Asker: 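Would you mind keeping the following structure in view while I ask a few things?
Bear in mind that the values here come from a model prediction, so they are computed numbers and not experimental data.
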Amino acid sequence: MNILEDLQWRGLYTDCTALEELTKRLEEGPITLYAGFDPTADSLHVGNLVPLIALRRFQNYGHKPIILAGGATGSIGDPSGKKAERQLLTKELLAHNVACVKNQLVKILDFSEGLANTARLVDNADWFGPIGFIEFLRETGKYFTVNSMIAKESVKSRLGGDNEAGISYTEFSYMLIQGYDFFHLNATYDCELQIGGSDQWGNITVGTELTRKKAGKSVYGLTFPLITNADGSKFGKSVGGAIYLDPARTSVYRFYQFFINVDDRDVIKFLKFFTFLSHEDIEALEAKHNENPGAREAHRALAFEMTKLVHGEEATNDAINASKILFGGGLDGISENALAQVASEVPSATIAKADLECEEGLSLLDALVTAGLSQSRKTAKKDVQGGGVNVNNERVQDLGYKLTSADVHYGKYILLRRGKKNYAALIVE
RNA sequence: GGUGGGAUACUCAAGCGGCCAACGAGGGCAGACUGUAAAUCUGCUGGGGAAACCCUACACAGGUUCGAAUCCUGUUCCCACCA
């Protein structure tokens, strides 16, 4: 099986500028390819993973991946899929973001020195810096008619009469910048393929066109589908917002949980999209999933593979242990170490030892507010009355309940829970 | 410029002198059922209080009234029709 068949099997193929030619080219030997991302934040999120993982798939087949950070394009703003003009980011912020994201890229792509097809990170700010505006217009702008540019979906959707915001000249030019990237990478690294989400089709074809016209060379574009959730919501968000790769933003535990909680209808699809598991393994998981969805083996496999990829095996096992505790019932017999892990995975607040030891103890209602689980004593009260509050995983429905030293585990921890999933640890000091 | 209509909680949307912290729907939260799911059902959804009850809120500022989201005056912003 070759890489293209693999991608097709995984549902990761949407379109190609010249499928037959590319197939042939890939048979001849390793190819250099790239995918870009705009460094709009100082951490990648799970939505960024598909192109990166796709690059890695190519790398696993012996091809040479380049990941392009859009230090230049990011300062322009890609209009694709956007309804309105975007805020410009400062150069400093973009540079900072690129630096931060690099630490995450090394986990997904193999940047080992000495490897024949080692991954490479480039920043298009490096080559756009020296290019003057006039030069760019003469060397690149000349190859494209406005007629074809306004026909692109990313522009067309912003030109409609009902869209008063319109599109700025700046964003309109985005496709040329991205197109030039491809030309430049072809000239510099002999890069012959660009991959991206299907929303990138218009931008990618500008690049293949420019390279053909300017350098007389055939290069290819390949797109994969945009990820959607079966329920129609946007992929990659959970209640707390986007799921980031940075553990400081999204804890390993939450990252793991995000994949555990994937919709049944999506789990096999995501196994194919995101993991490097073999076809046989995935088919076996699919069979098990269909037979007994309640066992959720496919979910566990997905969550394990993804967390391992991004955070490493050790942190993944910690997250699995934490999950067992947080969903497994009481805290009896729990080790101090395990509990410390749990406490570090959930939001926590510190309380004074004296508050627990004084005569009245610490009001559970106040503790819920302190821990951030309830917005006010009023809502805390309703949560308790509704049976939604647990102390150390045991339901408490007494409004007057006072926390005392008896509730503290290992002299340090009290685990509060509101509802099924919202935990907070009180750390006694 | 003239004339009408409107501004209500996260959103939509009732209420048009006391029974209004405000009908209903959506969303959100919680409970039951489950598989840490979906669907379904139930409850909650301004703050304080164990509760009685109190406080703050129906664009803004005043006024009438025992009592106002509801009536009056002015201000701001929206919308429609007319020139």
Side-chain angles (χ1 to χ4, degrees), chain A residues 46 162 164 228-235 237-241 243 250-271 285-307 316-331 334 338 341-342 345-347 360-403 415-425:
Chain A
V46 289
D162 53 338
E164 288 175 19
T228 51
N229 289 332
D231 64 5
S233 60
K234 192 171 179 185
F235 172 77
K237 302 261 197 249
S238 82
V239 279
I243 300 296
T250 302
S251 75
V252 181
Y253 166 73
R254 289 200 179 264
F255 187 90
Y256 179 82
Q257 285 294 322
F258 169 77
F259 286 100
I260 284 286
N261 286 313
V262 157
D263 194 304
D264 275 16
R265 295 167 291 180
D266 288 322
V267 68
I268 301 301
K269 186 172 83 175
F270 288 175
L271 276 168
L285 285 166
E286 185 169 15
K288 283 184 189 167
H289 177 68
N290 289 337
E291 196 181 310
N292 181 11
R296 287 165 43 260
E297 283 199 48
H299 289 84
R300 266 191 272 277
L302 175 67
F304 176 76
E305 290 297 321
M306 294 314 295
T307 314
T316 303
N317 286 327
D318 289 347
I320 292 172
N321 282 333
S323 297
K324 279 180 188 157
I325 292 160
L326 292 179
F327 291 97
L331 298 191
I334 186 178
Q341 253 172 41
V342 170
E345 291 290 359
V346 303
E360 307 91 74
L362 177 65
S363 154
L364 173 60
L365 298 178
D366 287 330
L368 285 166
V369 176
T370 305
L373 285 178
S374 299
Q375 289 204 318
S376 63
R377 278 176 61 86
K378 191 82 167 179
T379 55
K381 219 176 284 175
K382 286 174 177 153
D383 293 333
V384 172
Q385 282 170 335
V389 170
N390 295 56
V391 175
N392 294 324
N393 271 357
E394 284 180 30
R395 178 179 285 183
V396 174
Q397 277 183 290
D398 172 15
L399 280 181
Y401 190 86
K402 305 290 184 192
L403 295 169
L415 193 61
L416 299 179
R417 188 179 102 209
R418 195 199 86 231
K420 286 197 173 82
K421 296 179 189 173
N422 306 292
Y423 278 86

Asker: Give A:N292 one of three labels, base, sugar-phosphate or nothing, depending on what nucleic acid heavy atoms sit under 4.0 Å from its own.
Answerer: nothing
Asker: When the P atoms of B:rU34 and B:rG24 are compared, how many Å lie between them, rounded to an integer?
Answerer: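 Here B:rG24 and B:rU34 have their P atoms 30 Å from each other.
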Asker: I'd like the P distance from B:rU73 over to B:rC78, given in whole Å.
Answerer: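 About 22 Å, rounded to a whole number of Å.
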Asker: So that I know where these two stand, are A:F304 and A:Y256 an aromatic pair - ring centroids less than 6.0 Å apart?
Answerer: no
Asker: Say we look at B:rA21 and B:rC44: how far apart would their C1' atoms be, to the nearest angstrom?
Answerer: 14 Å
Asker: Work out how far the P atom of B:rU8 is from that of B:rG4, and round it to whole angstrom.
Answerer: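 Roughly 22 Å separates the two P atoms.
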Asker: So if I take every side-chain heavy atom of A:R395 and compare against B:rG31, B:rG48, B:rA50, which nucleotide ends up nearest?
Answerer: B:rG31
Asker: Measure the spacing between CD1 of A:I243 and CZ of A:F259 and express it to the nearest 0.5 Å.
Answerer: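 Taking CD1 in A:I243 and CZ in A:F259, the distance rounds to 8.0 Å.
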Asker: Distance check needed: B:rG31 C1' versus A:Q385 CD, whole Å only.
Answerer: 13 Å
Asker: Under 3.5 Å, is there a donor-acceptor pair linking the side chains of A:Y253 and A:N321?
Answerer: no
Asker: Rounded to whole angstrom, note down the P distance from B:rC20 over to B:rG27.
Answerer: 26 Å
Asker: Between B:rC79 and B:rC72, how far apart are the P atoms? Round to whole Å, please.
Answerer: 24 Å
Asker: As an exercise, state the distance from CG of A:L326 to CG of A:N393, rounded to the nearest 0.5 Å.
Answerer: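 A:L326 CG to A:N393 CG: 7.5 Å, rounded to 0.5 Å.
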Asker: Taking atom CD of A:E286 and atom CD of A:E297, what is their separation to the nearest 0.5 Å?
Answerer: 13.5 Å
Asker: Go through RNA chain B and write down every stem, that is, every run of at least three consecutive Watson-Crick or G-U wobble pairs with distances under 3.5 Å, as range with range.
Answerer: B:1-7 with B:76-82, B:10-12 with B:24-26, B:27-32 with B:40-45, B:46-48 with B:53-55, B:59-63 with B:71-75
Asker: When the P atoms of B:rC16 and B:rC77 are considered, how many whole Å apart are they?
Answerer: 30 Å
Asker: Distance check: side-chain N/O of A:T379 vs OP1/OP2 of B:rC29, anything under 4.0 Å?
Answerer: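 False: A:T379 side-chain N/O out of range (4.0 Å or more) of B:rC29 OP1/OP2.
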Asker: Ring centroids only, cut at 6.0 angstrom: are A:F235 and A:F258 within range, meaning strictly under it?
Answerer: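 Centroid separation for A:F235 and A:F258: below 6.0 Å.
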Asker: Taking A:R417 for its side chain and A:G419 for its backbone only, find out whether a donor-acceptor pair lies under 3.5 Å.
Answerer: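 Looks like yes, one N/O pair under 3.5 Å.
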Asker: Quick one: pull up CE in A:M306 and CZ in A:F255 and give me the separation to the nearest 0.5 Å.
Answerer: 5.5 Å
Asker: Distance check needed: B:rG48 P versus A:L368 CG, whole Å only.
Answerer: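 Between P of B:rG48 and CG of A:L368: 13 Å.
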Asker: To the nearest 0.5 Å, what is the distance between NE2 (A:H289) and CZ (A:R296)?
Answerer: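 Rounded to the nearest 0.5 Å, the NE2-CZ separation comes to 10.0 Å.
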Asker: Atom CG of A:L399 to atom C1' of B:rG49: distance rounded to whole Å?
Answerer: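 Value for this atom pair: 11 Å.
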Asker: In whole angstrom, give me the gap between the C1' atoms of B:rG17 and B:rG28.
Answerer: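 Rounded to whole Å, the distance is 34 Å.
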Asker: For A:D366 and for A:D383, locate the closest nucleotide of RNA chain B by heavy-atom distance; then report the residue assigned to the nucleotide nearer the 5' terminus.
Answerer: A:D383
Asker: Partners of A:R265 by side-chain hydrogen bond (donor to acceptor under 3.5 Å, both in side chains), sequence neighbours excluded?
Answerer: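 For A:R265 the side-chain hydrogen bond (donor to acceptor under 3.5 Å, both in side chains) partners, ignoring immediate neighbours, are A:D263.
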Asker: Can you see if the side chain of A:R418 gets near the phosphate of B:rC29 - specifically, an N or O under 4.0 Å from OP1 or OP2?
Answerer: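 For B:rC29, OP1/OP2 do not have a side-chain N/O of A:R418 under 4.0 Å.
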Asker: Check every strand shown and say whether A:G400 touches a base, only sugar-phosphate, or nothing at a heavy-atom separation below 4.0 Å.
Answerer: nothing
Asker: In the 5'-to-3' direction, what one-character label does each nucleotide of nucleotides 34-39 of chain B receive under the scheme B = base within less than 4.0 Å of a protein heavy atom, S = sugar-phosphate only, - = no such atom?
Answerer: BBBB--
Asker: At less than 3.5 Å, do the side-chain atoms of A:K378 and the base atoms of B:rG46 form a donor-acceptor pair?
Answerer: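 A donor-acceptor contact between them is absent.
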